[in-house]
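Working notes for the structure below.
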Amino acid sequence: MRVFINEREISSGAAPGATVGEIIEAGRVHVDPSEIVTAVELDGVEFHAGDEAQYVRRAARGVRELRISTRGPAAFAAEKRRSLAEALDAVAARSRMVSTLLRESETRSANGLLACLMEELRLMLLLDYQLALLAADEPGAAREEIEALAPQLLAAEEGRAWEALASLLDGSLAPVLERWAAATRARPGASPTF
C-alpha cells in the first residue's frame, strides 16, 4: 500500500492484518500536530469528517493507495466558511420561496419548507460557532439579529399570521442571511470560489 500525507509519500509499515484506521493512526506521527485531518481517500474514494465508520475497520490489505489530507485550523475554517456563505445564500432564497408560498395560500407546503429551512439555519449557526472556535475568532454578527428575529417568526407562525410571517421572512430574515453571507465571504482568509 502506498500512503500519502498531503502529496508526500510516507512508509506505511503496515503490520499483517492491520486496518485502515490503524494505518491512519500510525501515520499521524508524520502530521504536524497543529493540523487536523480533513479528508481520507482510499483508492480514489474520498471520506470526510463523520465518515470514519465507513473505512476505519476496513482491512488495509486490499487498499492500493491511502491519501490523508490535513489543513491548519484557520485554513480549514476559511474553506468551510466559503461553503457556509453559499449555503446562506441558498437559505435566503428559500426563505423568499416560503414567503411566496404563504402569500399564495400554499400554507402546507410553506410550513414544510419553513421547518426544513429553520433546521438548516440552526445547523449553520452551530457550524459558524464551531468554525470560530477552530479559527480562534468570533462567530458571525448575524447571530444576534437572528436571535432577536426568532420570537417574532415563531409568534407569527403559531398565530397563523401568514402575511406577517411572509413579511418577516422576505423583509427581515432573507436580508440578514444575505448580509451574513457577504460578511462571511469578506472575513480574513476567505477567498471567493470560482
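Keep in mind that the numbers below use all heavy atoms, side chains included, and drop hydrogens, waters and symmetry copies.
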Nearest heavy-atom neighbours spanning [X] and [Y]:
{"X": "Ala132", "Y": "Pro139", "answer": "CB-N, 3.5 Å"}
{"X": "Pro175", "Y": "Asp170", "answer": "CD-O, 3.5 Å"}
{"X": "Leu173", "Y": "Ser95", "answer": "CD2-CB, 4.3 Å"}
{"X": "Arg2", "Y": "Phe4", "answer": "NH2-CZ, 3.4 Å"}
{"X": "Tyr55", "Y": "Val20", "answer": "O-CB, 3.4 Å"}
{"X": "Met1", "Y": "Ala60", "answer": "CE-O, 3.3 Å"}

When rounded to the nearest 0.5 angstrom, what distance separates [atom1] in [X] from [atom2] in [Y]?
{"X": "Glu147", "Y": "Leu125", "atom1": "CD", "atom2": "CG", "answer": "7.5 Å"}
{"X": "Thr107", "Y": "Glu157", "atom1": "OG1", "atom2": "CD", "answer": "10.5 Å"}
{"X": "Gln152", "Y": "Leu168", "atom1": "CD", "atom2": "CG", "answer": "5.5 Å"}
{"X": "Met124", "Y": "Arg143", "atom1": "CE", "atom2": "CZ", "answer": "12.5 Å"}
{"X": "Ile146", "Y": "Arg122", "atom1": "CD1", "atom2": "CZ", "answer": "13.5 Å"}
{"X": "Glu79", "Y": "Leu131", "atom1": "CD", "atom2": "CG", "answer": "10.5 Å"}

Under 4.5 Å between side-chain heavy atoms, counting indirect links through other Ile/Leu/Val/Met/Phe/Trp/Tyr residues: same cluster for [X] and [Y] or not?
{"X": "Val45", "Y": "Val40", "value": "yes"}
{"X": "Leu66", "Y": "Ile36", "value": "no"}
{"X": "Val3", "Y": "Val37", "value": "yes"}
{"X": "Phe47", "Y": "Phe76", "value": "no"}

Side chain to side chain contact (heavy atoms under 4.5 Å, CB included) for Asn111 and Val98? Distances and angles first, verdict last.
CA-CA 8 Å; Asn111 281 308; Val98 170; over 6 Å; no
Tell me, with the steps shown, if Glu104 and Thr100 meet side-chain hydrogen bond (donor to acceptor under 3.5 Å, both in side chains).
CA-CA 6 Å; Glu104 293 174 351; Thr100 300; 5.8 Å; no
Show your working on salt bridge (Lys or Arg N to Asp or Glu O under 4.0 Å) between Arg67 and Glu46 and close with a plain yes or no.
CA-CA 9 Å; Arg67 292 184 174 272; Glu46 191 170 75; over 6 Å; no
Are Arg179 and Thr184 linked by a side-chain donor-acceptor pair shorter than 3.5 Å?
no
Going through the checks in order, is the side chain to side chain contact (heavy atoms under 4.5 Å, CB included) test met by Asp32 and Thr70?
CA-CA 9 Å; Asp32 182 333; Thr70 68; over 6 Å; no
Does CD belonging to Glu9 count more than 12 external heavy atoms closer than 6.0 Å?
yes
For a side-chain hydrogen bond (donor to acceptor under 3.5 Å, both in side chains) check, start with the C-alpha distance between Ser99 and Arg94, then their side-chain angles and the critical distance, and finish with the verdict.
CA-CA 9 Å; Ser99 178; Arg94 280 195 291 282; over 6 Å; no
Quick one: are [X] and [Y] in side-chain contact, heavy atoms under 4.5 Å?
{"X": "His48", "Y": "Thr38", "result": "no"}
{"X": "Leu42", "Y": "Glu65", "result": "no"}
{"X": "Glu163", "Y": "Leu102", "result": "no"}

Test side chain to side chain contact (heavy atoms under 4.5 Å, CB included) on Leu165 and Leu153 and set out the steps.
CA-CA 6 Å; Leu165 181 57; Leu153 289 165; 3.7 Å; yes
Working for salt bridge (Lys or Arg N to Asp or Glu O under 4.0 Å), residues Asp89 and Arg185
CA-CA 11 Å; Asp89 287 333; Arg185 283 186 185 90; 2.4 Å; yes
Would you please test Ile24 and Thr19 for side chain to side chain contact (heavy atoms under 4.5 Å, CB included) and show each step?
CA-CA 9 Å; Ile24 291 170; Thr19 65; over 6 Å; no
Could you check Arg96 against Glu178 for salt bridge (Lys or Arg N to Asp or Glu O under 4.0 Å), going step by step and ending with a plain yes or no?
CA-CA 12 Å; Arg96 287 195 166 95; Glu178 291 164 347; 2.4 Å; yes
Salt-bridge contact Glu35-Arg71 (side-chain N to carboxylate O under 4.0 Å):
no
Are the side chain of Asp43 and the backbone N or O of Arg64 linked by a donor-acceptor pair below 3.5 Å?
yes
